[in-house]
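Residue numbers start from 1 in every chain, and the chains themselves are labelled A, B, ... in the order their sequence lines are given, proteins ahead of strands.
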2 protein chains.
Amino acid sequence: MSIEEAGTATPMEDIGPIENVPLRVQVANRLRTAILSGRLKPGTSLVETALADQMNVSRAPIREAIQILENDGLVETIAYKGKRVKPLTAREVEEVYSLREAFEVMAVQRIIERNTPVDALRAPCEAMLKAAGDDDLEGLVAGDEAFHRTLIEIADHDLLAASWKSLYLRIHQIMALRSRKDHDLQAIASNHPPIVDALAARDMDRAVNLISAHTRNLKELDPETIAKTT
Amino acid sequence: MSIEEAGTATPMEDIGPIENVPLRVQVANRLRTAILSGRLKPGTSLVETALADQMNVSRAPIREAIQILENDGLVETIAYKGKRVKPLTAREVEEVYSLREAFEVMAVQRIIERNTPVDALRAPCEAMLKAAGDDDLEGLVAGDEAFHRTLIEIADHDLLAASWKSLYLRIHQIMALRSRKDHDLQAIASNHPPIVDALAARDMDRAVNLISAHTRNLKELDPETIAKTT
DNA sequence: GTCAAATGAATTGTCGACAACATCCAGACT
DNA sequence: AGTCTGGATGTTGTCGACAATTCATTTGAC
């Protein structure tokens, strides 16, 4: 039965197209999740044949999946020797955060220059404040990601969005290795609303300074996180 | 004749280790060159089997090479339909140049903040001025790339360098499609020395404004270039 | 005993064949 | 005439086997 005929007999709701996801994408997603959750630690060696056996697929999709993760910057390959989860160095963490700062500053500038509405940022702010009140770390992290993703999205710049997304994967990875007590939920949540206010007021200097400071604060937290992994 | 036998008879100088470059890299380089030179125009369909026949290799390295180019942003894949050289839209050109501006501004800020020496930028400037005098477009372009590559390199930020490099590939592609008369050699060459002066003087505002203006000037040139390709 | 060459194990690199999927066209049926 | 069906074709997706390369270990000569 082809996809077009699907809805003729019974009126069924739109569940969207049936996605036939290639194996390489499934494999890449599984590996990525494992890396980002910290289950696959930096430095772990990834052997194609072993992974192929574990997942019951041939090596071809595994290779392609690993190449995808390599583009994400999560894995590195050494020819004829092996592939491994990219080790996190202090330098790399600094670079990730500083590049993220540049991306978000660019987004802020673009939003103000083009007079883009910023209402979409209010909801994530509320969610974060609520999560902070409930001492809900997961919720806070989700809200934080939603906030920054939205910030990048409304900047309406596909290339920036793609670059930011790739970079944010590594931030996920770094945060997963960070211990819980390092987070001050209330402080993180209350950082965001002033950014939205400055954007709404089209106050370029204030908005840039706030987003810049916000990103730099996060960077400060991580030196000892790195020490644990290398 | 194989590469190993080539130099045995005559005493040869040290050309470094013999790099055994994987086929995928060789293929990727050939395809990339073809795309950047404009020989493979945006929209051209890339068929794995056809390329494999042409280059006398199997499909595996071709696939991996195409995936490399996909990461470079030069090729896009549509599942079960085909792969093609990514079409250049006006929007994409705008995004490429605006992101490049952000990258170079970041490099400038970093160079000034960290008090990095900028002497390495003088040589490319000289080369460009000389090339402009000789009406040597190739030389000027090479000098321009050397200047900006050096700018990024002395910023000492691997992630920034990698991102910039990938972005610059597309700028190559765009420039290759641009007609010769659009270039004002003298103007381009003389744009660069003031940037170095501002950097050397650690004058943040002036340096940022100059590099920003320089990048924006380039962007202005391209609308009609795009019209020709899409 | 020490150093160099050979061997072997582990891993990625490459290949050719077949499967899955989408598109297009021809032909049958209404 | 129009439309649906079925197959032919072109392309990517996946597989299993073999080749190439590296590194560690063992072997052998001196």
Side-chain angles (χ1 to χ4, degrees), chain A residues 1-9 16-32 40 42-72 74-87, chain B residues 1-6 8 16-32 40 43-71 74-87:
Chain A
M1 186 169 69
S2 77
I3 180 68
E4 294 87 314
E5 333 168 25
T8 50
I18 297 176
E19 301 206 8
N20 200 339
V21 184
L23 283 184
R24 64 163 175 271
V25 176
Q26 298 180 35
V27 172
N29 289 342
R30 286 180 62 177
L31 288 176
R32 181 160 38 228
L40 244 46
T44 305
S45 169
L46 299 175
V47 178
E48 294 176 2
T49 51
L51 292 172
D53 287 347
Q54 283 178 37
M55 304 196 184
N56 275 315
V57 296
S58 80
R59 274 179 53 217
I62 301 278
R63 273 178 80 81
E64 302 194 357
I66 288 180
Q67 209 176 344
I68 292 174
L69 297 180
E70 218 172 331
N71 308 339
D72 289 341
L74 298 175
V75 169
E76 66 182 1
T77 298
I78 299 151
Y80 289 108
K81 289 190 61 176
K83 324 203 172 191
R84 60 176 182 176
V85 181
K86 209 176 196 175
Chain B
M1 184 170 70
S2 75
I3 181 72
E4 295 89 323
E5 330 170 26
T8 49
I18 297 178
E19 302 209 5
N20 200 342
V21 184
L23 282 184
R24 62 163 177 271
V25 176
Q26 297 181 36
V27 171
N29 289 342
R30 285 180 63 178
L31 287 176
R32 183 163 32 229
L40 244 44
T44 304
S45 170
L46 299 174
V47 179
E48 295 175 1
T49 52
L51 292 173
D53 287 347
Q54 283 179 36
M55 303 194 185
N56 276 315
V57 295
S58 81
R59 273 179 55 217
I62 301 278
R63 271 178 81 80
E64 302 193 357
I66 288 180
Q67 209 176 343
I68 291 174
L69 297 179
E70 219 173 329
N71 307 339
L74 297 174
V75 169
E76 66 182 1
T77 298
I78 299 151
Y80 288 107
K81 289 189 63 175
K83 322 203 172 191
R84 61 176 181 175
V85 181
K86 208 177 197 176

Quiz item: Taking the side chain of A/Pro22 as its heavy atoms from C-beta onward, which of D/dT14, C/dC15, C/dG13 lies nearest to it?
Solution: D/dT14
Quiz item: Roughly, in whole Å, what's the span from CD in A/Glu64 to C1' in C/dT12?
Solution: 15 Å
Just distance, no hydrogens or angles: give the donor-acceptor pairs under 3.5 Å from side chains in residues 23-31 of chain B, sequence neighbours left out.
{"unit_1": "B/Arg24", "atom_1": "NH1", "unit_2": "B/Glu64", "atom_2": "OE1", "d": "3.2"}
{"unit_1": "B/Gln26", "atom_1": "NE2", "unit_2": "B/Val21", "atom_2": "O", "d": "3.0"}
{"unit_1": "B/Asn29", "atom_1": "OD1", "unit_2": "B/Arg32", "atom_2": "NH2", "d": "2.8"}
{"unit_1": "B/Asn29", "atom_1": "ND2", "unit_2": "B/Val25", "atom_2": "O", "d": "3.4"}

Quiz item: Which of the following nucleotides, C/dG13, D/dC15, D/dT12, is nearest to the side chain of B/Lys83?
Solution: D/dT12
Exercise. To the nearest 0.5 Å, tell me how far B/Asn71 CG sits from A/Asp72 CG.
Key: 9.0 Å
Practice problem: Under the side chain to side chain contact (heavy atoms under 4.5 Å, CB included) rule, what do A/Lys83 and A/Arg63 come out as? Steps first, then yes or no, please. | Solution: CA-CA 10 Å; A/Lys83 324 203 172 191; A/Arg63 273 178 80 81; 4.2 Å; yes
Please output the side-chain donor-acceptor pairs of residues 51-61 of chain B that fall under 3.5 Å, not counting sequence neighbours, one pair per line with the distance.
{"unit_1": "B/Ser58", "atom_1": "OG", "unit_2": "B/Ala60", "atom_2": "N", "d": "3.4"}
{"unit_1": "B/Arg59", "atom_1": "NE", "unit_2": "B/Glu48", "atom_2": "OE1", "d": "2.9"}
{"unit_1": "B/Arg59", "atom_1": "NH2", "unit_2": "B/Glu48", "atom_2": "OE1", "d": "2.8"}

Exercise. Round to the nearest Å and state the distance from B/Met55 atom CE to C/dC15 atom P.
Key: 13 Å
Quiz item: Would you say a side-chain N or O of A/Lys81 is under 4.0 Å from OP1 or OP2 of C/dA10?
Solution: no
Self-check item: Nearest listed nucleotide, side chain of A/Leu23, among C/dC15, D/dC15, C/dG13
Solution: D/dC15
Quiz item: Going from CG on B/Leu69 to CG on B/Leu46, what distance comes out if it is rounded to the nearest 0.5 angstrom?
Solution: 8.0 Å
Quiz item: What closest approach, in Å, do B/Ser45 and B/Arg84 show between heavy atoms, and which atom pair accounts for it?
Solution: CA-CB, 4.0 Å
Quiz item: Which sits closer to the 5' end of DNA chain D, A/Tyr80 or A/Val57, going by the nucleotide each is nearest to?
Solution: A/Val57
Practice problem: Nearest whole angstrom, please: distance from the P of C/dT12 to the CG of A/Asp53. | Solution: 12 Å
Practice problem: Indicate whether OP1 or OP2 belonging to D/dT12 is found under 4.0 Å from a side-chain N or O atom of B/Arg59. | Solution: no
Quiz prompt | Out of D/dT22, C/dT14, D/dT14, whichever nucleotide has its closest atom nearest the side chain of A/Arg24 | solution = D/dT14
Self-check item: Separation of C/dG13 C1' from B/Gln26 CD (nearest whole Å)
Solution: 12 Å
Practice problem: Provide, to the nearest angstrom, the distance between the CD atom belonging to B/Gln67 and the P atom belonging to D/dG13. | Solution: 10 Å
Quiz item: Nearest-Å distance, CD1 (A/Ile78) to P (D/dC23)?
Solution: 10 Å
Exercise. Check the pair B/Thr77, B/Gln67 against side chain to side chain contact (heavy atoms under 4.5 Å, CB included), reporting the backbone distance first and the verdict last.
Key: CA-CA 9 Å; B/Thr77 298; B/Gln67 209 176 343; over 6 Å; no
Practice problem: Indicate, with a heavy-atom threshold strictly under 4.0 Å, whether B/Arg63 touches base, sugar-phosphate, or nothing. | Solution: base
Quiz item: For DNA chain C, what residues of residues 43-50 of chain A have any heavy atom nearer than 4.0 Å?
Solution: A/Leu46, A/Val47, A/Glu48, A/Thr49
Exercise. Take atom CG of A/Leu51 and atom C1' of C/dA10, then tell me their distance rounded to the nearest Å.
Key: 15 Å
